[in-house]
Number of protein chains: 4
Amino acid sequence: MLPAGEPKFRRRPGDRPAEILAAALEVFAERGFHSARLEEVAKRAGVSKGALYLYFETKADLFRAVVRDAISPNIERIKAMAEAQVSFEPAVRIGLVMLASRVVTDRRVSGVVKLVIAESRTHPELAAIWHETVVEPGIGLMSRLIAEAQVRGEVREGDPRLFAFGLMGPMVLSMVWRETFEPVGAQPIDVVKLAEQHLDTVLQGMRP
Amino acid sequence: MLPAGEPKFRRRPGDRPAEILAAALEVFAERGFHSARLEEVAKRAGVSKGALYLYFETKADLFRAVVRDAISPNIERIKAMAEAQVSFEPAVRIGLVMLASRVVTDRRVSGVVKLVIAESRTHPELAAIWHETVVEPGIGLMSRLIAEAQVRGEVREGDPRLFAFGLMGPMVLSMVWRETFEPVGAQPIDVVKLAEQHLDTVLQGMRP
Amino acid sequence: MLPAGEPKFRRRPGDRPAEILAAALEVFAERGFHSARLEEVAKRAGVSKGALYLYFETKADLFRAVVRDAISPNIERIKAMAEAQVSFEPAVRIGLVMLASRVVTDRRVSGVVKLVIAESRTHPELAAIWHETVVEPGIGLMSRLIAEAQVRGEVREGDPRLFAFGLMGPMVLSMVWRETFEPVGAQPIDVVKLAEQHLDTVLQGMRP
Amino acid sequence: MLPAGEPKFRRRPGDRPAEILAAALEVFAERGFHSARLEEVAKRAGVSKGALYLYFETKADLFRAVVRDAISPNIERIKAMAEAQVSFEPAVRIGLVMLASRVVTDRRVSGVVKLVIAESRTHPELAAIWHETVVEPGIGLMSRLIAEAQVRGEVREGDPRLFAFGLMGPMVLSMVWRETFEPVGAQPIDVVKLAEQHLDTVLQGMRP
DNA sequence: AATGAATGAGATTTCATTCAT
DNA sequence: TATGAATGAAATCTCATTCAT
């Protein structure tokens, strides 16, 4: 049926699923779930539309895979932090600065975070996964460290969980800011400087 | 076609846009921009689909109107705060607690904020409007108050804008939390308590 | 977005669902379920593709409606036959000749029967509906008449249900013949003559 | 690419087409032409999808081969019957009972018959082949036997072809019944009993 | 001003077919 | 011969938008 032309396809090496996930992350982050076109994902991954379906059942399935994929390194980070037994202040300092410099700054992360927020209504499982795997463990870890520090008398009284939200808040704000307001001209936030100044302020404010 | 009878009761036309905006806010907040069905908006507003087009050109136009509509009362609050001339600490305390108790807690607001975040890529104008009208004035006001307090020696040195982000961060986190994680089972945040504890902490940490 | 041209659509009177069903019957009968194109159905019904979805949820739903629609008149016929209390031979004669002349001859019926056969694997509900509504009542009625005639000594012994199949078989064969072999050149069957000769033969063969 | 080792066992290539045809018959009978997946055929035949194309040009080609393949043994049966020179009644009795017990009862046959009916519109060649090779010879043979019996005064007057349809009808009905209504719960027909009772009835009814 | 039936462009998804290996 | 990853045309279904009434 087709007039013969140059070869229609060529098997290429490389990790197809990973290439597709990378392309999908880009497109989803740029356009959101609904506006993302699978055709665009395919084009950027250098495959045909049909090929996507060799690896992912549906668009939603691909979306979920993108989000899950973005979590995995974070899980490791959180575990590593949890296992590093140190005294309160250095632990929080190192943790938050690392978060600011490595995680919040990473466009891949802030992009996915924004997606999770944006699509939480239509894909609550994603919010659930993210919450169980990243958010609650992270907040839980900080709360525990704070509670222990309170027992040791290093931190004044107060709800440890609220202290944790107080520390994390500006990091969340930074991601939202970068994804939402910077593209329309807002002055970028220097996240590391923010983290450091915030730590100086809050840690002093938490002293007994 | 209908034999003349008594005129059917008819809502004042002037109310229509407001009713439509209210219905649209609901539906957009529940479903996001793309999943929101104009048919659903029309049904909840008690009008026909066609009627929407008498007041709004397109779906995007309606969306913009919803977002703008949600801003206006906030603008008034901000202006009021700005005009209330008080010393630094009380001003910040009153402002943040008011924000926590009146604004962050309002589902309408957190819903719209989430929408702005979610659709910022496809509707950057919304992010722009929000930034110019709400965010920048708010952050600007706080920064100025802080800078003035620094001049008076009430606040230690440090970037006033970063202090402002440090104060606001947990409020943003709270809105994201409510919209994204509470629906999937996360323990709710008591925003007012958070604001108060955070103020105690940060204001102490900002002292010279 | 569209350059203005002649009016895109015009509401027309008439019973839309019925028009669509008629068009769909044609197309389904011509092409089978899978090869039938909704675009073709829409074109023949004089509506747009989208309009089909105002009346029928899915293609399968439309298909079911076509089949159900074809049954209803038959149900009436069967009921009428059942209620006509007559002695055995005339009843069967009248019934079968009526069937031959009115039902088997009707392209709409034979077309739908073929569809039910063809799609019974993919749409078993249709076979079920047809079986419960048309086939089993019909066979049941004949069996009962035969059993009663046996009691009265008008019919020799033998399984009444098998007698019924013996009478009906050539009618089924005729429908299959018309739909399957006539289009490829088979000599048409004169169904009424077949029914009459078959009745003469079988009724005589059923005498005690 | 593989290091030389002992040769993997390998089916004789000569068997491949037969294995594929067997698998294809199963799948086509189960799902119909369109819903049949070549991947499924390949899996059941124990070959790759690509291998199918070494033996059959297209899906339709494979389908035709399946149908033709199912005919061949029948042709032999029919020829054998035609050549067995016997008097009318025994010939018909033997023939029909054999048909009932060997052919109609064979799921492979009823499956293909159903396929031919179902796809006759999209693949008329199949109906044509079937008609020319199976149906018309069979009906022709019976008609001739009947006509000869009429000449000998063994059968009363009447259209021999219609007598043939009268005899064959319940066999067709049985195949349709099995394929269409039994899967949705209809009580199975005992085809051999049906054939015998029908023969008793019709043959008596055909006596002068 | 209001209606809502109708439109049709466009998106996801399927799967027979191809061809580099 | 044989494989199976990859292709891409084509089909169903959605829904913002239109406009005769």
Side-chain angles (χ1 to χ4, degrees), chain A residues 1-2 4 7-12 16 34-42 46-62, chain B residues 1-2 8 10-11 13 16 34-43 46-62, chain C residues 1-2 4 7-13 16 34-42 46-62, chain D residues 1 8 10-11 13 16 34-43 46-62:
Chain A
M1 229 54 154
L2 290 171
K8 259 191 314 186
F9 53 78
R10 184 175 306 273
R11 197 166 327 187
R12 267 162 322 139
R16 273 280 191 280
H34 266 100
S35 299
R37 300 288 156 244
L38 290 187
E39 188 145 33
E40 182 65 20
V41 173
V47 299
S48 69
K49 263 187 299 173
L52 302 181
Y53 287 85
L54 297 174
Y55 303 103
F56 305 96
E57 305 250 317
T58 62
K59 187 187 187 184
D61 188 48
L62 172 58
Chain B
M1 235 37 164
L2 285 172
K8 315 245 149 167
R10 189 180 294 269
R11 280 191 220 76
R16 276 286 154 77
H34 266 100
S35 298
R37 301 285 155 251
L38 289 188
E39 188 145 31
E40 182 65 20
V41 173
K43 196 199 296 175
V47 301
S48 71
K49 259 197 297 179
L52 302 181
Y53 286 83
L54 298 172
Y55 301 104
F56 305 96
E57 304 253 316
T58 65
K59 188 186 188 185
D61 189 47
L62 172 58
Chain C
M1 232 50 154
L2 289 172
K8 258 191 312 187
F9 52 79
R10 183 173 305 273
R11 198 165 329 190
R12 265 159 324 136
R16 273 279 190 281
H34 267 99
S35 300
R37 299 286 157 246
L38 290 187
E39 186 145 34
E40 182 65 21
V41 173
V47 299
S48 70
K49 265 186 300 174
L52 302 181
Y53 288 85
L54 296 174
Y55 302 103
F56 305 96
E57 305 250 318
T58 63
K59 187 186 187 184
D61 188 48
L62 172 59
Chain D
M1 235 37 164
K8 316 244 152 168
R10 188 180 293 270
R11 280 188 220 80
R16 278 286 154 75
H34 266 99
S35 299
R37 302 283 156 251
L38 289 188
E39 187 146 32
E40 182 65 20
V41 173
K43 196 199 295 175
V47 299
S48 71
K49 259 197 297 179
L52 301 180
Y53 286 83
L54 299 173
Y55 301 103
F56 306 95
E57 304 252 315
T58 65
K59 187 187 189 183
D61 188 47
L62 172 59

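Keep in mind it's a predicted model, so treat the numbers as computed, not measured. Letters A, B, ... are given to chains in the order of the sequence lines, protein chains preceding strands, and every chain is numbered from 1.
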Integer-rounded Å distance: [N] [atom2] and [X] [atom1]:
{"X": "Leu62(B)", "N": "dA16(F)", "atom1": "CG", "atom2": "P", "result": "11 Å"}
{"X": "Glu39(A)", "N": "dA10(F)", "atom1": "CD", "atom2": "P", "result": "15 Å"}
{"X": "Leu54(C)", "N": "dT7(E)", "atom1": "CG", "atom2": "P", "result": "8 Å"}
{"X": "Glu40(A)", "N": "dT12(E)", "atom1": "CD", "atom2": "P", "result": "11 Å"}
{"X": "Asp61(B)", "N": "dA16(F)", "atom1": "CG", "atom2": "C1'", "result": "13 Å"}
{"X": "Leu52(C)", "N": "dT12(F)", "atom1": "CG", "atom2": "P", "result": "10 Å"}

- Task: Could you check Glu57(D) against His34(A) and say which one's nearest nucleotide on DNA chain E is further toward the 5' end?
- Result: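 Mapping each residue to its closest nucleotide by heavy atoms, the 5'-most match is His34(A).
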Just compare [options] and give me whichever is closest to any side-chain atom of [X].
{"X": "Lys59(D)", "options": "dT13(E), dT17(E), dT3(E)", "value": "dT17(E)"}
{"X": "Val47(A)", "options": "dT7(F), dT12(E), dT3(F)", "value": "dT7(F)"}
{"X": "Arg37(C)", "options": "dT12(F), dA5(E), dC15(F)", "value": "dT12(F)"}

- Identify whether any heavy atom of Ala36(A) sits under 4.0 Å from a base atom; if not, whether one sits that close to sugar-phosphate; answer base, sugar-phosphate or nothing. sugar-phosphate
- Query: Counting any heavy atom closer than 4.0 Å, what does Leu38(C) reach on the DNA or RNA strands: base, sugar-phosphate only, or nothing?
  - Reply: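 It contacts sugar-phosphate atoms only.
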Would you say a side-chain N or O of [X] is under 4.0 Å from OP1 or OP2 of [N]?
{"X": "Tyr53(C)", "N": "dA5(E)", "result": "no"}
{"X": "Lys49(A)", "N": "dG8(F)", "result": "no"}
{"X": "Tyr55(D)", "N": "dA2(F)", "result": "yes"}

- Would you mind pulling out the nucleotide paired to dA20(E), Watson-Crick or G-U wobble, both distances under 3.5 Å? dT3(F)
- Item | Any strand: nucleotide that pairs with dA1(E) via Watson-Crick or wobble, under 3.5 Å | none
